[in-house]
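A quick write-up on the structure given underneath.
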Amino acid sequence: FLIEPFFGLLNYVSNDLIPEYNADFGDRISQKIDYAIVLNKKDTILVEAKKYGSKLTDKEAGQLNGYFNNTKNSKIAILTNGLEYKFYSDIVEPNLIDSKPFFIFNWNNFNETDLETLIKLDKRFIKISEIVKTAQEEVFIKSFENAFFKELVAPSKDLLKIIHRNMSFKVKLNEETQ
């Protein structure tokens, strides 16, 4: 009762939302994801729905990943409990959803930036390649920030050597000066 109106706000009509979409994988047949949105007869967005307000855990994301992995024309997968919508892609490894969503929309806690991101999923404007590119940039930036922070907290020998090489004050670099 919440998912169809959510996608209605994004201009998808009931014909766009295919319920119980076939997503067989491995030896398991008759696997059906709750909804799929097929765009341009090739790109597919998968939607796995859980009980209203339930916690969306790695277990549910793993189930979504099984569907995603078997649906080769899908680049976006959504896990939702009706209030929270977690958007995933396969930025890190092809055909496997990333461990963290690239975007989370929560009806109880959203801002203008969230709405601007959400509008990119509107049926009238959606461009899967642009959404995936933006997700790639987000994943890259987060990974870069984490790696940079890690180096600042506990600098590696390589970083110290680079800094030493660029210093005007020349002292031999040894274990004590590191």
Side-chain angles (χ1 to χ4, degrees), residues 1-107 110 114-144 146:
F1 297 109
L2 296 172
I3 295 167
E4 290 182 22
F6 174 80
F7 285 103
L9 291 171
L10 296 172
N11 292 296
Y12 295 96
V13 294
S14 60
N15 292 346
D16 296 322
L17 289 168
I18 303 168
E20 298 297 315
Y21 188 75
N22 185 17
D24 295 339
F25 57 94
D27 295 334
R28 302 174 79 183
I29 55 173
S30 298
Q31 296 297 306
K32 308 231 183 262
I33 190 154
D34 295 313
Y35 291 98
I37 300 170
V38 179
L39 305 166
N40 309 330
K41 297 182 181 173
K42 63 174 190 165
D43 293 323
T44 305
I45 298 173
L46 302 177
V47 182
E48 179 64 15
K50 295 302 175 189
K51 185 178 175 184
Y52 169 76
S54 65
K55 187 171 180 172
L56 302 176
T57 67
D58 289 344
K59 179 182 176 189
E60 286 81 14
Q63 180 185 3
L64 177 60
N65 185 58
Y67 299 132
F68 184 86
N69 183 262
N70 200 51
T71 310
K72 302 299 181 205
N73 56 344
S74 182
K75 298 305 282 176
I76 297 175
I78 304 168
L79 180 61
T80 184
N81 60 12
L83 291 175
E84 185 175 49
Y85 291 77
K86 293 184 174 187
F87 294 79
Y88 295 88
S89 191
D90 59 349
I91 306 303
V92 177
E93 193 171 334
N95 296 321
L96 294 174
I97 63 169
D98 299 331
S99 61
K100 297 193 184 301
F102 68 85
F103 173 60
I104 298 173
F105 181 81
N106 189 319
W107 280 110
F110 64 90
D114 293 335
L115 294 176
E116 289 169 3
T117 300
L118 197 58
I119 198 75
K120 293 176 184 175
L121 292 153
D122 186 296
K123 181 181 177 182
R124 298 169 298 173
F125 312 117
I126 191 166
K127 290 188 174 115
I128 296 292
S129 60
E130 287 182 21
I131 292 169
V132 171
K133 183 181 177 197
T134 301
Q136 288 171 332
E137 291 169 359
E138 288 293 321
V139 169
F140 174 83
I141 289 168
K142 286 178 184 172
S143 180
F144 178 84
N146 289 341

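The figures here come from the full heavy-atom set of this structure, side chains too, leaving out hydrogens, waters and symmetry mates. Because the structure is predicted, anything quoted here is derived from the model rather than measured.
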task: Kindly check if the number of other-residue, nucleotide or ligand heavy atoms within 6.0 Å of CG (Asp58) is above 12?
output: no
- prompt: Should we count CZ of Phe125 as having more than 12 external heavy atoms under 6.0 Å?
  reply: yes
Got a second to check how far [X]'s [atom1] is from [Y]'s [atom2], nearest 0.5 Å?
| X | Y | atom1 | atom2 | result |
| --- | --- | --- | --- | --- |
| Ile45 | Leu10 | CD1 | CG | 9.0 Å |
| Leu39 | Ser74 | CG | OG | 9.5 Å |
| Thr117 | Ile131 | OG1 | CD1 | 9.5 Å |
| Thr80 | Leu64 | OG1 | CG | 11.0 Å |
| Leu46 | Ile97 | CG | CD1 | 9.5 Å |
| Leu79 | Leu56 | CG | CG | 4.5 Å |

query: For the residue pair Tyr12 and Phe7, does the interplanar ring angle fall in the parallel (under 30°), tilted (30 to 60°) or perpendicular (over 60°) class?
result: perpendicular
query: Where does the angle between the aromatic ring planes of Phe6 and Phe105 fall among parallel (under 30°), tilted (30 to 60°) and perpendicular (over 60°)?
result: tilted
[X] side chain near [Y] side chain, heavy-atom distance below 4.5 Å:
| X | Y | value |
| --- | --- | --- |
| Asp34 | Val47 | no |
| Ile104 | Glu84 | yes |
| Tyr85 | Trp107 | yes |
| Lys50 | Gln63 | yes |
| Ile18 | Val38 | yes |

field: Non-neighbouring partners of Glu60 that pass side-chain hydrogen bond (donor to acceptor under 3.5 Å, both in side chains), sequence neighbours left out
entry: Thr57
What's the shortest heavy-atom distance between [X] and [Y], and which atoms?
| X | Y | answer |
| --- | --- | --- |
| Phe87 | Ile78 | CE2-CD1, 3.3 Å |
| Asn69 | Leu96 | ND2-CD2, 3.7 Å |
| Thr71 | Tyr21 | CG2-CE2, 4.2 Å |
| Ile91 | Val132 | CD1-O, 3.8 Å |
| Thr44 | Ala36 | CG2-CB, 3.9 Å |

message: Apply side-chain hydrogen bond (donor to acceptor under 3.5 Å, both in side chains) to residues Ser54 and Asn81 and explain how you reach the verdict.
response: CA-CA 6 Å; Ser54 65; Asn81 60 12; 4.9 Å; no
task: If a pair satisfies side-chain hydrogen bond (donor to acceptor under 3.5 Å, both in side chains) and one of its residues is in residues 88-98, list it, with sequence neighbours excluded.
output: Lys75-Asp90
field: Contact list for residues 123-136, test side-chain hydrogen bond (donor to acceptor under 3.5 Å, both in side chains), sequence neighbours left out
entry: Asp16-Lys123, Asp122-Arg124
query: Does any donor atom in the side chain of Glu4 or Tyr35 lie under 3.5 Å from an acceptor atom in the other side chain?
result: yes
